[in-house]
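Below: one structure, written as structure tokens.
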Amino acid sequence: MYYENKETANKHNGQDIQSEHKEHIESWGETGEKLHRFEMPEGIYRVTAGKGGESFLIDGGEEVAIYDCGMAYCSDGVISDIEDKLKEIGHEKLDKIILSHSHYDHIGALPYILDRWPCATVIGGKKLVKVFASDRAKATMERLGKAARDKYIPGEASKPESERMVIRTDNLRVDQVLEDGDIFDIGKYEVTAIHTPGHTDCSFSYYLREKGPEESEQKQQFDQGLIEDDGKSIISMSENEVGASQKHTNGNGKTIISMSENEVGVSQKHTNGNGKSIISLSENAVGASQKHTYGDGKTIIFVSESVGVLEDEDHVHTAILKSFDDTITSARKCKAYNADIIIGSHYGVVPPSIGNDYYDMYIKAAEKEKAFILAAFDGGKKDLDSLYQAYEDEYWVSSRVGAQPIEAFQENALITIKLITRDYRNAEL
């Protein structure tokens, strides 16, 4: 710990100042009733301790995980919240830490959390390993972490640097490296890792499905599913529903379904934990194909920042830092899972009245942002400074400071502007 006592740490790390950030804490129900956006589904708990980055605890029964860690400056508060929740639900330890991507506001508290629970398994995408080994990336994490610390801890900016909270970037690791479509468990939950690049190359979203009591540890097949010899479900379709797709058998005489990319449409190819190929089809792509769940619980998807951040019922913030096209693909990919509950990055539970339309809202917002930047460029703003000023006038509002320091907004905006003008106007700003 980097303060003299927990009382001081909790005050400095955001538990007291969190009460100041009350704007827009409500969501909207299907019948117009107001809902709290932090009212999580059963078994999911918010353990966020300060502004700028969310952390959620997932109670899987025999295992407990957290999704993202929040910022470094509020690490002691996050740890305290996790400890309190573990005690409340009767668990002694944190088993897993699941990471959405490598940015400071999502992994800043990771070194401190690992000090407290060193045996926790850290789970994330393959490219996280490369980022965590990069001195340049860690320098950016430290710089932005310090900006958040000085912004959100009262009085911190007036102190000499030697007396301020230490922002650490050591002890960053990934123990379980994920590929797109990998499946792992958090106790009763089966989790599918969905690579959703666009915001970063290492961004992942996670689809949670509660397993039913009839399932074995090897996960029994769906009612109409086809299986390989390890008991993994490949696809669920009747012969009539397959239509133009082909029916094949593998070397063990098991029937599998083979479909061309054109036939599958926006479907995704995944692998399970043993490297077996699995086809996951959207309802639009397959038509009459069936969606299955093992248990009675609702399906949940934690979506990465590559598919935006909900602001209110009409607006979605974009965060396009690597690829515009990838963010659009990522949104469509997440939509294909048709989860019952969407938990959005930096937001919470997406209102049921929006539901799966959220992804279309994001695509519309991303297209609008791209068009704005290109119109400004085509209108004569050919330098980065004038483009940024136009962008800030359009997109920065003071209410965003509760979730993002202006320094981070500026850095992200400059990257987005350069990306869009490079890819669509062949400009190097």
Side-chain angles (χ1 to χ4, degrees), residues 21 23-30 34-41 43-48 50-58 65-71 98-101 103 105-107 191-200 203-208 298-321 326-366 368-369 395 397 399-400 402-404 408-409 412:
H21 183 47
E23 63 271 22
H24 187 45
I25 61 171
E26 291 177 320
S27 208
W28 316 270
E30 292 175 331
K34 288 187 175 181
L35 307 170
H36 201 293
R37 66 187 173 106
F38 296 136
E39 287 182 357
M40 296 290 115
I44 311 295
Y45 306 95
R46 185 173 182 254
V47 290
T48 307
K51 300 180 183 181
E54 293 293 329
S55 183
F56 299 101
L57 185 142
I58 303 166
I66 58 167
Y67 169 78
D68 277 347
C69 304
M71 293 195 191
I98 305 167
L99 304 178
S100 67
H101 65 288
H103 282 172
D105 50 339
H106 295 259
I107 58 86
V191 184
T192 301
I194 312 165
H195 187 212
T196 47
H199 178 60
T200 69
S203 292
F204 268 76
S205 300
Y206 298 92
Y207 176 79
L208 278 65
K298 291 182 178 295
T299 55
I300 301 166
I301 189 167
F302 288 89
V303 291
S304 77
E305 224 166 320
S306 291
V307 296
V309 177
L310 188 64
E311 179 185 6
D312 57 38
E313 68 268 38
D314 298 315
H315 300 94
V316 178
H317 291 308
T318 65
I320 306 166
L321 304 183
D326 280 352
T327 67
I328 303 303
T329 300
S330 292
R332 290 173 177 157
K333 196 173 182 179
C334 289
K335 183 178 181 179
Y337 280 84
N338 196 27
D340 297 307
I341 298 169
I342 303 169
I343 299 179
S345 182
H346 292 288
Y347 182 78
V349 177
V350 171
S353 56
I354 294 178
N356 234 29
D357 291 339
Y358 170 76
Y359 304 107
D360 298 324
M361 288 177 61
Y362 170 74
I363 292 171
K364 182 179 179 181
K368 181 179 178 181
E369 180 178 21
Y395 286 103
V397 290
S399 62
R400 287 187 71 164
Q404 183 183 46
F409 171 84
N412 288 351

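Nothing fancy with the numbering, it's 1 onward along the sequence.
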Closest non-hydrogen atoms of Ile343 and Met40, given as atom of the first, atom of the second and distance, are CD1-SD, 4.1 Å
Which of Leu310, Asp312, Ile342, Val303 passes side chain to side chain contact (heavy atoms under 4.5 Å, CB included) with Tyr347? It is Leu310
Separation between OG (Ser353) and CD (Glu313), nearest 0.5 Å, reads 8.0 Å
The single option from Tyr206, Tyr67, Tyr337 that satisfies ring pair (Phe, Tyr, Trp, His ring centres under 6.0 Å) with Phe302 is Tyr67
query: Does the Ser330 side chain pair with the main chain of Pro197, one donor and one acceptor, at a distance under 3.5 Å?
result: yes
Distance-only donor-acceptor check, side chains Glu305 and His103, under 3.5 Å: no
**Any Val316 side-chain heavy atom under 4.5 Å of Lys364 side chain** = no
Rounded to the nearest 0.5 Å, the CG atom of Asn338 sits from the OG1 atom of Thr299 at a distance of 7.0 Å
Correct closest heavy-atom pair for Ile44 and Phe56 would be CG2-CB, 4.3 Å
### Query
With no hydrogens and no angle check, do the side chains of Ser203 and Thr200 hold a donor and an acceptor under 3.5 Å apart?
yes
**Request:** Report yes or no: does His346 contribute a side-chain atom to a donor-acceptor pair with the main-chain N or O of Gly52 at less than 3.5 Å?
**Result:** yes
Value for OH (Tyr359) from NZ (Lys333), rounded to nearest 0.5 Å, stands at 12.5 Å
Here the gap from Ile300 atom CD1 to Ile341 atom CD1, rounded to the nearest 0.5 Å, amounts to 5.0 Å
Shortest non-hydrogen pair, Ile354 vs Met361, comes out as CG2-SD, 3.7 Å
Between Ser205 and Cys334, the two heavy atoms sitting closest are OG-SG, 3.8 Å
Interatomic distance, CD1@Ile301 vs OG1@Thr196, rounded to 0.5 Å, equals 8.0 Å
Under 3.5 Å donor-acceptor, Asp105 side chain and Met71 backbone: no
Note to self: Within the 4.5 Å heavy-atom criterion, are Val307 and Lys335 side-chain neighbours or not?
What the structure shows: no
Do any N or O atoms from the side chain of Thr327 and from the backbone of Ser306 form a donor-acceptor pair under 3.5 angstrom? no
**Prompt:** Distance-only, no hydrogens or angles: does the Ser55 side chain make a donor-acceptor pair with backbone N or O of Thr48 under 3.5 Å?
**Reply:** no
Residues Val309 and Tyr358: closest non-hydrogen pair is N-OH, 3.6 Å
Taking every heavy atom of His101 against every heavy atom of Ile107, the minimum-distance pair comes out as O-CG2, 3.3 Å
Keeping Asp68 on the side-chain end and Glu54 on the backbone end, is there a donor-acceptor pair under 3.5 Å? no
Report task. Check whether any side-chain heavy atom of Cys69 lies under 4.5 Å from a side-chain heavy atom of Leu99, and answer yes or no. Result -> yes
